[in-house]
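This one's a predicted model, so the numbers in the text were calculated from it and none came from an experiment.
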Amino acid sequence: MAASMVVVSRRVWDGCRRGQRVLRLLRGLCSGGQRPATDGETHFGFQTVSESEKSEKVYQVFENVAKKYDLMNDSMSLGIHRLWKDNLLHQMNPYPGSQLLDVAGGTGDIAFRFINYVRSQRERRVQQQLRSHQNLSYEEITKLYHEEEHQSLGGSHVVVCDINKEMLKVGKKKSQRLGYSQGLSWVLGDAEELPFNNDSFDIYTIAFGIRNVTHIDQALQEAYRVLKPGGRFLCLEFSHVNNSFISSLYDLYSFQVIPVLGEVIAGDWKSYQYLVESIRRFPSQVEFKEMIEDAGFLKVDYQNLGSGIVAIHSGFKL
């Protein structure tokens with residue numbers, strides 16, 4: 001009897017989840033994939049503004065900070081943001097052939113790491129092949145390395161999508177300077193209305209970007225739509241500190257030091273004051289996990305880094 005009740009409960013749960021997905025699809029069809037016409041109120045840091053006003057203000061923030069964005073990230077985090085992004089790639093563990101969409105990734109930090117990671121995977125495979133075939137001739141070894149040089153990504157590709165032209169401009173210049181060209185595309189696009197077909201990508205990432213989106217639920221639904229079945233959603237974002245002592249120090253540093261750094265380095269106090277405030281307005285780890293699940297993702301989980309200063313959220317389209 002107990003076993004049959006479990007089966008029935010599971011069927012009811014599955015039916016509910018399918019129903020939610022159908023409703024989301026119908027809403028999308030009825031609206032033509034567009035956002036609602038109503039312009040309600042939302043927050044811009046600690047200010048209350050209209051939704052359209054927030055979009056304009058956020059765009060202006062990143063237009064202002066684009067050229068100093070990387071330098072400010074290093075200054076504000078003492079370089080630790082690089083370790084957080086490395087951690088994201090290790091969790092992703094992409095295989096050669098993976099198709100990645102990196103949203104709000106204008107300066108290319110995640111994209112470049114993805115390319116490096118896939119290349120290293122391919123190089124490791126070549127080394128293993130060479131070690132397992134001791135009798136290869138010089139010509140065969142040269143050919144193997146030549147093929148690796150021209151196919152180092154094994155069909156992998158990353159699309160960087162950002163709504164801000166200035167951020168994309170910075171990313172493109174950096175990719176040229178660092179020599180990244182193969183397997184990389186740059187697209188101007190909105191996280192809430194992605195310009196891509198359904199079921200297009202194996203992995204979707206968004207690092208330190210989703211808290212700046214006006215309709216987070218819409219962005220999550222778009223992430224679900226463009227992922228292939230079996231695809232993975234990964235989000236690296238500032239979150240809620242779970243240690244009271246660290247939280248006090250973090251608040252002091254955030255409100256007293258970061259805006260000053262913004263003024264000194266980037267000549268822009270207000271933009272960095274907003275960025276600090278936007279972190280405090282972002283949902284907690286548990287609340288954001290529930291939002292990801294509401295978008296249709298399964299096996300949703302998160303990992304705190306730095307006592308919750310940031311968190312990596314993960315989910316799958318199954």
Side-chain angles (χ1 to χ4, degrees), residues 10 12-25 27-28 33 84-95 97-105 109-111 113-114 117 156 158-162 189-194 196-240 242 279 282-306 308-318:
R10 181 61 189 172
V12 170
W13 171 249
D14 289 343
C16 289
R17 294 305 292 266
R18 285 194 296 271
Q20 290 173 353
R21 293 176 189 174
V22 169
L23 286 173
R24 281 195 299 272
L25 177 60
R27 283 199 297 269
W84 294 334
K85 292 167 183 173
D86 289 343
N87 196 310
L88 178 69
L89 262 293
H90 284 290
Q91 281 208 30
M92 184 195 304
N93 191 24
Y95 54 86
S98 299
Q99 306 299 303
L100 168 66
L101 173 63
D102 183 39
V103 176
D109 273 7
I110 301 303
R113 281 171 168 79
F114 171 81
Y117 196 97
S156 291
V158 52
V159 176
V160 178
C161 180
D162 201 295
D190 186 344
E192 297 182 33
E193 297 178 33
L194 293 171
F196 308 108
N197 294 330
N198 297 349
D199 308 331
S200 295
F201 299 94
D202 300 298
I203 309 162
Y204 172 111
T205 54
I206 183 166
F208 303 120
I210 202 162
R211 77 181 188 281
N212 299 306
V213 172
T214 303
H215 306 92
I216 294 176
D217 55 345
Q218 177 69 21
L220 292 171
Q221 289 171 21
E222 281 290 273
Y224 187 90
R225 179 183 66 80
V226 300
L227 278 171
K228 299 175 184 177
R232 189 177 189 185
F233 168 88
L234 284 165
C235 174
L236 174 64
E237 186 55 87
F238 289 106
S239 200
H240 290 226
N242 54 26
I279 293 170
F282 192 69
S284 70
Q285 289 89 323
V286 173
E287 291 170 330
F288 188 49
K289 176 177 182 288
E290 292 172 352
M291 293 178 71
I292 297 169
E293 290 173 333
D294 288 342
F297 290 100
L298 298 176
K299 296 180 68 67
V300 179
D301 199 2
Y302 65 86
Q303 177 191 1
N304 284 327
L305 303 176
I309 291 177
V310 300
I312 297 176
H313 286 262
S314 171
F316 293 85
K317 179 177 178 177
L318 301 174

State whether the side chain of [X] and the backbone N or O of [Y] hold a donor-acceptor pair below 3.5 Å, judged by distance alone.
X	Y	value
Glu193	Asp190	no
Gln285	His240	yes
Glu192	Val213	no
Glu237	Gly209	yes

[atom1]-[atom2] distance between [X] and [Y], expressed to the nearest 0.5 angstrom:
X	Y	atom1	atom2	result
Arg113	Leu88	CZ	CG	9.5 Å
Asn304	Asn242	CG	CG	5.5 Å
Glu293	Leu298	CD	CG	8.0 Å

Nearest atoms (heavy-atom pairs only) where [X] meets [Y]:
X	Y	result
Lys85	Asp109	NZ-OD2, 2.6 Å
Ala111	Val158	CB-CG2, 3.9 Å
Cys161	Phe196	SG-CE1, 4.1 Å
Ile210	Ile206	N-CD1, 3.6 Å
Ala295	Gln221	CB-N, 4.2 Å
Gly97	Ser156	N-OG, 2.6 Å

(request) Check step by step if side-chain contact (heavy atoms from CB on, under 4.5 Å) holds for Met291 and Glu287. (result) CA-CA 6 Å; Met291 293 178 71; Glu287 291 170 330; 5.7 Å; no
Check: [Y] and [X] side chains under 4.5 Å, non-hydrogen atoms:
X	Y	answer
Tyr302	Ile292	no
Ile203	Asp102	no
Leu100	Pro94	no
Tyr204	Leu101	yes

(message) With a sphere of 6.0 Å drawn around NZ of Lys228, does it hold more than 12 non-hydrogen atoms of other residues, nucleotides or ligands?
(response)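 Yes, NZ of Lys228 has more than 12 neighbouring heavy atoms, counting only those of other groups under 6.0 Å.
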Solution key, residues 229-236 side-chain donor-acceptor pairs under 3.5 Å, sequence neighbours excluded:
residue: Arg232; atom: NE; partner: Ser314; partner atom: OG; Å: 3.0
residue: Arg232; atom: NH1; partner: Gln91; partner atom: O; Å: 2.7
residue: Arg232; atom: NH2; partner: Ser314; partner atom: OG; Å: 3.1

(message) Is the distance between the ring centroids of Phe282 and Phe288 under 6.0 Å?
(response)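 Yes, ring centres under 6.0 Å apart.
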(message) Show, in sequence, the C-alpha distance, side-chain angles and deciding distance for Asp294 and Asp217, and conclude whether the side-chain contact (heavy atoms from CB on, under 4.5 Å) test is met.
(response) CA-CA 8 Å; Asp294 288 342; Asp217 55 345; over 6 Å; no
(message) Applying side-chain contact (heavy atoms from CB on, under 4.5 Å) to Phe114 and Ser98, what does each step give before you reach the verdict?
(response) CA-CA 10 Å; Phe114 171 81; Ser98 299; 4.1 Å; yes
(request) Please identify each residue that fulfils salt bridge (charged side-chain N to carboxylate O under 4.0 Å, His left out) with Asp301, with sequence neighbours left out. (result)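 If we apply the salt bridge (charged side-chain N to carboxylate O under 4.0 Å, His left out) test to Asp301, skipping adjacent residues, there are no hits.
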